[in-house]
Amino acid sequence: MGRLDEQIRFITEIGRLKGVLRQTMLAGPGRRENSAEHSWHLAVMALTLADHAPPGTDIGRVTAMLLVHDLVEIDAGDLFAYADEAQQARQEQAERAAADRIFALLPGDQAASVRGLWDEFEERRTPEARFARALDRLQPMLANLTAGGGTWQEHGITADQVLAKVTLIEDGSPALGRYARDIVDRAVREGLLAPPPPGR
């Protein structure tokens, strides 16, 4: 199989991401977001919110990470952000197996490069990866706000659970972290998100 054949095989395979539904509800069409839409939205967020990234952040690299970070969901599916630790551990294992399979469809040099982006996103060791992860956490919060509470209400999520996720946003962008905390406050005030249970 030639290089172009391998590249087209990969491109054809990743089209399946359009059929992977996420928990996130869309405000308008009355359906759930798919993972390809999520990745596209994050890539545009990276371009739009670049001035809130740490100084010197390579936004092109952030965008590339965001475009490939969920390709593993073709095999592993999407896991709800508030799933328990056992579910998260199973998902991590499934995603690593998916990464091994999907990125290997590319020619060797491209496989290593794209897999490297995915690993960088997962490991959060660089400013680019931390900013990308911040956007990945912020986007569902914005979606829940515009969908009238969305999955927060559907699953009985409380403010303290959301705030626990905000630390990842703060790690990648203090400014976006502050904005995320304001979202939580607003959502509680508007009755879109339950306050923390008494004693928390």
Side-chain angles (χ1 to χ4, degrees), residues 1 6-26 29 31-46 61-126 128-144 147 150-152 154-157 161-162 164-169 171-172:
M1 183 178 288
E6 291 176 316
Q7 291 166 331
I8 296 296
R9 178 179 62 172
F10 174 78
I11 289 167
T12 301
E13 179 68 7
I14 66 171
R16 294 176 54 206
L17 195 65
K18 298 170 192 173
V20 177
L21 294 181
R22 298 173 55 80
Q23 290 287 326
T24 307
M25 297 175 183
L26 297 177
R31 65 171 173 84
R32 296 194 185 274
E33 174 186 58
N34 70 50
S35 287
E37 291 169 327
H38 170 69
S39 297
W40 162 82
H41 203 175
L42 291 176
V44 177
M45 285 175 68
R61 189 164 185 85
V62 171
T63 303
M65 266 186 258
L66 292 171
L67 289 171
V68 303
H69 81 288
D70 273 342
L71 292 180
V72 293
E73 292 184 1
I74 291 168
D75 290 355
D78 178 58
L79 182 70
F80 188 42
Y82 300 95
D84 65 35
E85 288 184 14
Q87 290 172 308
Q88 290 179 25
R90 285 193 298 273
Q91 182 74 6
E92 184 177 331
Q93 187 175 18
E95 288 185 356
R96 292 214 170 274
D100 291 343
R101 183 190 77 79
I102 293 166
F103 300 133
L105 297 173
L106 282 163
D109 60 323
Q110 286 187 312
S113 175
V114 176
R115 175 61 186 262
L117 288 168
W118 186 82
D119 287 335
E120 183 177 343
F121 178 86
E122 291 295 309
E123 293 164 4
R124 293 183 14 244
R125 291 184 186 169
T126 64
E128 288 78 11
R130 289 190 291 274
F131 187 62
R133 289 293 289 268
L135 298 175
D136 190 41
R137 283 286 179 257
L138 178 61
Q139 188 260 357
M141 293 179 66
L142 295 171
N144 281 330
T151 54
W152 291 335
E154 182 183 20
H155 295 280
I157 301 301
Q161 291 175 282
V162 180
K165 304 294 183 186
V166 169
T167 56
L168 265 180
I169 301 173
D171 187 43

- Any side-chain heavy-atom pair from His69 and Asp136 closer than 4.5 angstrom? yes

- Task: Locate the shortest heavy-atom distance separating Trp118 from Val68; write the atom from each residue and the value.
- Result: CD1-O, 3.8 Å

- Roughly how far, to the nearest 0.5 Å, is the CD atom of Glu120 from the OG1 atom of Thr126? 3.5 Å

- Below 4.0 angstrom, N of the basic side chain to O of the carboxylate: do Arg22 and Asp70 qualify? yes

- Query: Heavy-atom count around Glu85 CD within 6.0 Å, excluding the residue itself: above 12?
  - Reply: no

- Task: Rounded to the nearest 0.5 Å, what's the gap from CD1 on Ile14 to CD1 on Ile74? Could you check?
- Result: 7.0 Å

- Task: Please name the pair of heavy atoms, one in Asp78 and one in Leu21, separated by the smallest distance, quoted to 0.1 Å.
- Result: CB-O, 3.9 Å

- Any chance you could measure Arg90, atom CZ, to Asp84, atom CG, to the nearest 0.5 Å? 7.0 Å

- Quick one: closest heavy-atom pair of Arg9 and Ala104, and the distance? NH2-O, 4.1 Å

- Message: Working note: Arg32 + Thr151, criterion side chain to side chain contact (heavy atoms under 4.5 Å, CB included); need CA distance, chi angles, decisive distance, verdict.
- Response: CA-CA 10 Å; Arg32 296 194 185 274; Thr151 54; 4.0 Å; yes

- Task: Identify which one of Glu95, Gln87, Gln88 satisfies the side-chain hydrogen bond (donor to acceptor under 3.5 Å, both in side chains) criterion when paired with Gln91.
- Result: Glu95

- Below 6.0 angstrom between ring centroids: does that apply to Phe80 and His155? yes

- Message: Taking CD in Gln93 as the centre, count heavy atoms belonging to other residues, nucleotides or ligands within less than 6.0 Å. Is the count above 12?
- Response: no

- Any Glu6 side-chain heavy atom under 4.5 Å of Gln110 side chain: no

- Message: Side chains of Met141 and Val166, heavy atoms from C-beta outward: is any pair under 4.5 Å?
- Response: yes

- Note on the structure: Between Tyr82 and Gln161, the two heavy atoms sitting closest are CE2-O, 3.5 Å

- Task: To the nearest 0.5 angstrom, please state how far the CG atom of Leu106 sits from the CD1 atom of Ile11.
- Result: 8.5 Å

- Less than 4.5 Å apart, any side-chain heavy atom of Glu37 and any of Leu26? yes

- Message: Between Arg124 (side chain only) and Arg130 (backbone N and O only), is there a donor and an acceptor less than 3.5 Å apart?
- Response: no

- With a 4.0 Å cut-off, would you call Asp75 and Arg96 a salt bridge? no

- Taking Thr12 for its side chain and Ile8 for its backbone only, find out whether a donor-acceptor pair lies under 3.5 Å. yes

- Determine the minimum heavy-atom distance between Ala99 and Val72, stating which atoms define it. N-CG1, 3.6 Å

- Query: Rounded to the nearest 0.5 Å, what separation is found between the CD atom of Glu154 and the CD atom of Gln23?
  - Reply: 6.0 Å

For residues 39-46, please give each side-chain donor-acceptor pair under 3.5 Å, one per line with the distance, not counting sequence neighbours.
residue, atom, partner, partner atom, Å
Ser39, OG, Ser35, O, 3.1
His41, ND1, Gln139, NE2, 3.2

- Query: Can you check whether Arg115 reaches Asp100 side chain to side chain, under 4.5 Å on heavy atoms?
  - Reply: yes

- Taking C-beta and beyond as the side chain, do Leu71 and Phe10 meet within less than 4.5 Å on heavy atoms? yes

- Correct closest heavy-atom pair for Phe121 and Ala129 would be CA-CB, 4.0 Å

- Task: Mind checking the CE-CD spacing from Met65 to Glu122? Nearest 0.5 Å is all I need.
- Result: 11.0 Å

- Query: For Arg101, does the CZ atom sit with more than 12 other heavy atoms under 6.0 Å from it, leaving out its own atoms?
  - Reply: yes

